[in-house]
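One structure is given below, encoded as structure tokens.
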Amino acid sequence: MELFEALRGRRSIRNYKDKKISRELLKKIMEAAIWSPSGGNAQAWEFIVVDDDEYIKKIKTLSPGIFDVPAAIVIVCRDLKRAYDIAGELGRETLSLMDISMASQNIMLRAYELGIGSCAVRSFGVSAIKRLFNLPDRLNPELLITLGYPERIPDCPKRRKIDEVVHWWRE
Ligand SMILES: Cc1cc2nc3c(=O)[nH]c(=O)nc-3n(C[C@H](O)[C@H](O)[C@H](O)COP(=O)(O)O)c2cc1C
């Protein structure tokens, strides 16, 4: 798949088929995460891949932003200690958030390339997820990525026009 085609074609998928994703395919998707850029190459990210129904349902009860039952959920965490050790306060407060955002986009694009729908979800109880998975203090869950075979591909939400958002310094 051509890169730009993937950038344009990926949609947030919120309706999934009742079909599991093989671990082999999930591994392929997750491998894309580690190739993201990161500030100071800190790679201050950790990912928890949840593909059992019991825990998917538990996460769903803590996440108003998830509308259907996905086949898997990736809990994208930033490692505050690692971020601080490598890049100080800037790393912990700012860069690590950018890092996990880029890794998340890689995950979603790779999923799309492999025929798997995804949706980034920020609407969830951070401390409840932390407790549910017994995460150490240094790990902050920042984003959930739902994954599954798409039931329905939604229309593309409207984009702001290029000319509205791209400004050329000295035409
Ligand atoms: C940081 C972030 C948080 C988001 N949180 C949610 C969410 O909680 N629930 C949801 O259904 N979609 C969520 N989305 C998906 C956006 O609504 C979606 O990306 C946007 O409407 C554009 O649609 P598209 O992804 O299909 O291009 C989130 C996206 C991002 C980047």
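Note that the numbering runs from 1 along the sequence shown for the chain. Each ligand, and each atom within it, is numbered from 1 in the order the structure gives.
Relative to the ring axis of Y149, K17 does not place its NZ or CZ within 45° and under 6.0 Å from the centre. Remark: K58 is positioned above the aromatic ring of Y55, its terminal NZ or CZ atom under 6.0 angstrom from the ring centre and at most 45 degrees off the axis.
Ligand 1 lies under 4.0 Å from heavy atoms of R10, R11, S12, R14, G65, F67, C119, A120, V121, R122, S123, P157, R159.
Distance check, rounded to the nearest 0.5 Å: CG of L109 to CD1 of I29 gives 11.5 Å. In this structure, CD1 on I66 lies 4.0 Å from CD1 on I73, to the nearest 0.5 angstrom. With rounding to the nearest 0.5 angstrom, the NZ atom of K57 is 10.0 Å from the CG atom of D52.
Across R82 and Q43, no two heavy atoms sit closer than the pair NE-O, 3.5 Å.
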